[in-house]
Amino acid sequence: MANAVEKPKDSFRPSMLLYDTRYRSLTIQIVVFALFVAAAAWLIDNTVRNLSALGKDFDFGFLGVRAGYDIAQHLIPYTQNSTHAQAMLVGLLNTLLIAVMGCALATVIGVIVGVLRLSSNWLVARLMTVYVEMFRNVPVLLWILLFYTVFSEASPTPAAFRGEDGQSMLLGLFAVTNRYTAIPDVAVERGFGTLDLGLFSLNLTFAAIVVVLAASFYVRHRLKARARAVQESTGRRPSTWWKSLLIVVLPIALLLWVLGTHLLVPSLSGFNFTGGINVPNSFMALWLALSFYTGAFIAEIVRAGILAVSRGQSEAAFALGLRPRRTMSLVILPQALRVIVPPLISQFLNLTKNSSLAIAVGYLDLRGTLGGITLNQTGRELECVLLMMLIYLAISLIISGGMNVYNSRIRLKER
């Protein structure tokens, strides 16, 4: 049998980089990358030359300089003698506080409104539609200014709560005034003190509470995982609700009892409320405006997610005897989450970035401290803006990464 003659392989030629599909995509990527590097090098060189012409350099040493300005709301110790780095950290924590509280409240509002928009009650459904269309079609900055105006102009002064004929506190615990909202404070008689970490101090009492809560929820998660395993193997699910309740409530209740935790209700003393926490109206206006604005978008996402679930799912639940409320919580919403979570991530990111509008009502967040007063005092525009960009990018990536992990855990598992 004659030996088969092997076809000689084509030798490489430079023209193959353009005309051969095996190399063309790689060639385009290399060219685009080279152009990007060249553009970045030109931009950096041009920036350095312009800074040199103005007698400036690229230096972050200003972060160690005394800040010299006050910040009304700070979650860590801060004075005028603190550095710009500490002021930046205070602003960052204020941004994270408004972002976390805003995302939580916006989610609650969005879920409730989204479900009620599908209500069979004509009036309730139309009222929810009016709320959604009104809030999402007006710029969020206008809502922030409107909420701030309501708090500062339509609310009574602290002195109006004086005497028996004065204004009464809401539930005997809260007082909304034209300067701040007085809320109860949580105090402990036997705390664990603080740990000085240089740039900031760590409250060991708060850390202990966080650790106990985290451990409780982890044990609860393991308990539910074990119950699911038993159900899959035997077909019967053991009762876990009372065990879950004890695991979550009992440890934190014991810790709070050991610490001697109690509420400090605000009371009028002189011209101001004391004994509680006076939350600035700028924070309240920003928090509520961002929450109601973003909640309108989340409501539409929730409504779309519910409508994406087949009607046969609810009909099957009704056939089994489940009531509408139980059907929504046990059948519809768990399946709708797979549709809701991806666009929900974008709304959380939007709320976090929209918090930079806080400067409009005088709330000093990261934009107000690092990108506002610090930038104006030091004249380090490029450094401050780059730091802000990197911090907002890091926050956005963390939120997106965390939500993507959650989304991967609830999505349908293909076999």
Side-chain angles (χ1 to χ4, degrees), residues 71 73-78 82 85-86 88-108 173 183-229 238-265 275-277 279 283 287 341 344-345 348 351-352 355 365-366 391 394-410:
I71 301 177
Q73 178 178 315
H74 46 85
L75 302 179
I76 59 175
Y78 174 84
S82 301
Q86 291 172 305
M88 177 186 70
L89 182 58
V90 170
L92 173 60
L93 292 177
N94 287 345
T95 295
L96 294 177
L97 177 65
I98 201 72
V100 172
M101 294 185 61
C103 290
L105 181 58
T107 302
V108 173
L173 300 174
I183 63 175
D185 190 10
V186 179
V188 295
E189 298 177 357
R190 299 174 293 275
F192 298 137
T194 58
L195 178 63
D196 188 8
L197 299 177
L199 188 60
F200 62 94
S201 298
L202 176 63
N203 190 319
L204 296 179
T205 303
F206 177 75
I209 294 174
V210 171
V211 170
V212 170
L213 285 175
S216 299
F217 279 104
Y218 174 76
V219 174
R220 175 177 173 269
H221 172 73
R222 299 302 304 169
L223 176 66
K224 296 184 70 174
R226 181 178 177 277
R228 284 194 298 269
S239 177
T240 59
W241 67 268
W242 62 273
K243 297 178 183 178
S244 299
L245 187 63
L246 286 178
I247 290 172
V248 174
V249 174
L250 188 58
I252 191 64
L254 288 176
L255 177 62
L256 295 178
W257 177 74
V258 170
L259 293 173
T261 308
H262 60 279
L263 284 179
L264 293 177
V265 180
I277 301 176
V279 182
F283 174 85
W287 176 45
V341 170
L344 184 64
I345 300 174
F348 285 171
L351 188 147
T352 302
S355 67
D365 64 339
L366 184 65
I391 291 174
I395 295 174
S396 298
L397 291 177
I398 291 173
I399 294 175
S400 179
M403 292 298 293
N404 281 325
V405 170
Y406 176 71
N407 185 42
S408 65
R409 297 185 63 179
I410 64 172

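These numbers were taken from a predicted model, which means no experiment stands behind them. Values below: every heavy atom of this structure, side chains too, minus hydrogens, waters and symmetry copies.
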Thr240 side, atom OG1; Leu246 side, atom CG - distance, nearest 0.5 Å = 11.5 Å

Phe283 versus Met101, closest heavy-atom pair with distance = CZ-SD, 3.7 Å

Nearest non-hydrogen partners of Gly275 and Asp185, listed with the distance = O-CB, 4.1 Å

Starting from the C-alpha separation in whole Å, work towards a yes-or-no answer on side chain to side chain contact (heavy atoms under 4.5 Å, CB included) for Leu264 and Ile277.
-> CA-CA 9 Å; Leu264 293 177; Ile277 301 176; over 6 Å; no

Can you name the closest pair of heavy atoms from Leu351 and Ile98 and give their distance?
-> CD2-O, 4.1 Å

Shortest non-hydrogen separation from Lys243 to Leu223 and the atoms involved | CB-CD2, 3.5 Å

Nearest heavy-atom pair of Ser244 and Lys224: which atoms, and what distance?
-> OG-CG, 4.5 Å

Would you give the length of the straight line joining atom CD1 of Ile399 to atom CG of Leu397, rounded to the nearest 0.5 angstrom?
-> 9.5 Å

Given Leu92, Leu96, Val90, Thr95, the one that forms side chain to side chain contact (heavy atoms under 4.5 Å, CB included) with Asp365 | Thr95

Ile209 vs Leu256 side-chain heavy atoms within contact, under 4.5 Å | yes

Side chain to side chain contact (heavy atoms under 4.5 Å, CB included) between Leu97 and Leu93, intermediate numbers included = CA-CA 6 Å; Leu97 177 65; Leu93 292 177; over 6 Å; no

Report the residue from Ile247, Ile252, Leu254 that forms a side chain to side chain contact (heavy atoms under 4.5 Å, CB included) with Leu250.
-> Leu254

Dump the intermediate steps for side chain to side chain contact (heavy atoms under 4.5 Å, CB included) on Asn94 and Leu75, then the final yes or no.
-> CA-CA 7 Å; Asn94 287 345; Leu75 302 179; 4.2 Å; yes

What one should report as the nearest heavy-atom pair of Ser216 and Val248 is CB-CA, 4.1 Å

What is the distance from atom OH of Tyr78 to atom CD of Gln73, rounded to the nearest 0.5 Å?
-> 14.0 Å

